[in-house]
Structure formats: C-alpha cells, structure tokens
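So the structure is just underneath, and the comments pick up after that.
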Amino acid sequence: MLFTLLALLSVSTFGCALHLPIATEFLLQNGNNRIIGGKDTPIEAIPWQVLLLNQGRHDCGGVIYSKNIIITAAHCVCDTYGNILDPKIFDVRVGSSTSNNGGSVIKVAKTIVHDRFTLYPITEYDIALILLSSPLEMGPTVKAIPLAESVPNDGAAVLVSGWGYTEIGEASLQLKSVSVNIVSREECARAYGYKRITQLTICAAAPGKDSCGGDSGGPLVCEGELVGIVSYGIGCAEPGYPGVYANVVELRKWVEEEATKLSST
Ligand code: ARG
C-alpha cells in the first residue's frame with residue numbers, strides 16, 4: 001500500500017519535477033510504467049496538441065483553446081512543492097509531430113492555475129491556462145479544439161495523445177495517440193477511492209493502452225471535442241488502474257471565465 005501511494009505521488013509529480021523520482025524510475029525499469037498500444041500520429045490529425053517545454057526540455061503536453069491560450073495540467077506548471085513556476089521558463093511548441101524540432105516555439109507570457117488545485121495528493125482541479133506571448137497562426141497543423149458540453153457515456157471511445165513514455169520506457173520523439181474507453185466512476189473509484197474520483201475527474205482505460213508520464217496536460221478527446229486533460233494514474237496501462245483526467249465539462253466555466261480575463265491582460 002505504501003509503495004502504491006509512493007508510486008502514485010511520484011508519477012503525479014513528473015510534470016513538475018522534470019526528472020523522474022525514484023519510485024517512478026523503479027516502475028519504469030520494471031516495465032510497468034508505459035504507454036502500450038499507441039501509434040505514431042501526424043499533428044494534422046491532432047492539430048490542437050502542443051508540447052510544453054520547461055527550459056527547452058519536454059515537460060508536458062497541452063491543448064490549444066484559442067489563438068493565445070493553451071490549456072494544460074496544473075501540476076505541469078508547478079514545482080515539486082506545489083508553487084507556481086516562473087512562466088518565463090516555459091515555451092510551447094505548436095504545429096509539429098516531433099518533440100525536438102518543427103512547427104513553431106512560442107514563449108509563455110503568463111500561467112494561471114486553478115486555485116483549488118493541490119499537488120499532494122493530486123485529486124481534482126489539475127488544470128491551468130497558459131497565455132502565449134504572441135498569437136498563434138492557425139492552419140492545418142495548428143487548430144483550437146472546442147470544449148465538450150456533456151460527459152461521454154461510460155464505455156465511449158476517446159483518444160489521448162502526447163510525446164510521453166512509451167513501452168520502451170522513454171519519452172517519444174514522435175507524437176502518439178491511443179484510443180481508450182471511458183470507465184465508470186464506480187470502477188475508477190475502486191482503484192483510487194471516491195475522495196479522489198469525483199465529478200471533477202473522468203477516467204479512461206483499455207487493455208494494454210493508456211497515457212503515461214510526459215503526456216500530462218494533453219488532450220482526451222471524444223468526437224472532436226475536449227473532454228479531459230491528462231492528470232495522473234498508478235503505473236500506465238496497469239490492469240485495474242485507469243488513467244485519470246481532469247473533467248473538462250465540469251471545468252468548462254472556469255476555463256471560459258479565466259480565458260476571457262487572461263486574454264484581456
Ligand atoms: N502525471 C503524468 C504526467 O505528468 C501523467 C500520468 C498519466 N498516467 C496514466 N496512467 N494515465 O505526465
């Protein structure tokens with residue numbers, strides 16, 4: 001149990017810590033912590049997907065909300081103590097299928113984190129907005145995605161994507177996506193408990209398929225609409241432990257209001 005909790009915490013903090021804490025490394029080396037079943041996907045198929053760079057290095061994923069606003073996970077823009085990091089250390093790469101080149105790289109001007117977010121433990125409200133220092137030029141590889149208005153049914157097929165860890169235990173240079181299915185709150189709470197799995201979260205899983213470390217902040221999409229933001233999980237594609245996502249439908253109002261405020265700063 002203690003080990004499980006440790007693993008949970010360390011996987012959750014990957015986005016902030018930049019380097020993997022020991023427990024996560026243990027999981028990776030033991031082959032438990034990985035995306036399985038993902039396939040290389042061109043950015044044109046997921047043009048709202050962005051890469052969040054922390055001091056030039058792959059940190060997390062993100063999603064284009066508008067020409068100057070990106071949605072990501074709160075834990076991606078916090079340090080390991082839960083303090084909000086200086087926005088100046090972040091850049092966003094848009095319009096590229098590869099994490100280390102292509103597309104354009106834009107400086108982050110400002111970040112805001114949901115004020116109810118807590119890092120230890122991550123439960124709900126794992127969501128943040130990024131204001132870009134210059135507006136995006138939209139095109140076939142750079143597009144915003146609408147926010148869903150209703151939560152998909154249990155079992156619905158959803159697509160998650162990113163440059164996170166793959167089965168070989170390394171972050172992927174090539175953008176990958178994988179189709180998973182919405183898991184009921186009851187089933188997800190069996191793994192993580194009802195305190196963590198509330199209306200504000202949504203879970204998804206499929207045998208041998210999942211998001212993983214480094215995918216945080218990225219999109220979970222159902223029928224062309226954003227339904228979730230990659231948040232945490234125990235291991236990756238670990239039987240009985242679905243991936244947990246911030247529930248965008250429930251956080252939609254917050255996103256809309258804060259985005260309006262941010263755009264006018
Ligand atoms: N917290 C991870 C990150 O920072 C995402 C983990 C997702 N885990 C999962 N099993 N779906 O990138």
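Read the numbers this way: they start at 1 and go in the same order the structure lists the ligands and their atoms.
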Would His75 and Ser216 satisfy side chain to side chain contact (heavy atoms under 4.5 Å, CB included), going step by step from the backbone distance to the final call?
CA-CA 8 Å; His75 78 263; Ser216 280; 3.0 Å; yes

Close approach of Cys60 to ligand 1, heavy atoms, under 4.0 angstrom:
no

Check whether the side chains of Ser161 and Ser177 place a donor and an acceptor atom closer than 3.5 Å, and report yes or no.
no

Would you say Tyr245 has any N or O atom under 3.5 Å from an N or O of ligand 1, going by distance alone?
no

For Gly164, is the nearest heavy atom under 4.0 Å from an atom of ligand 1?
no

Tell me whether ligand 1 is touched by Ser231 - counting only heavy atoms on the residue side and a distance under 4.0 Å.
yes

Test of understanding: with side-chain contact (heavy atoms from CB on, under 4.5 Å), list the residues that count as partners of Thr123, not counting sequence neighbours.
Thr118, Pro121, Arg196

Below 4.0 Å, non-hydrogen atoms only: which portion of Asp215 touches ligand 1? Side chain, backbone, both or neither.
backbone

NZ/NE/NH1/NH2 to OD/OE distance under 4.0 Å, Lys253 and Glu257:
yes

Go through ligand 1 atom by atom and flag the ones less than 4.0 Å from a non-hydrogen atom of Gly213.
2 (C), 3 (C), 12 (O)

When you measure from the heavy atoms of Ala73 to every atom of ligand 1, does any distance fall below 4.0 Å?
no

Ring centres of Tyr232 and Tyr192 under 6.0 Å apart?
yes

Decide whether the shortest distance between a heavy atom of His75 and an atom of ligand 1 is less than 4.0 Å.
yes

What atoms in ligand 1 come closer than 4.0 Å to a heavy atom of Gly214?
3 (C), 12 (O)

Can you check whether Gly243 has an N/O within less than 3.5 Å of an N/O in ligand 1?
no

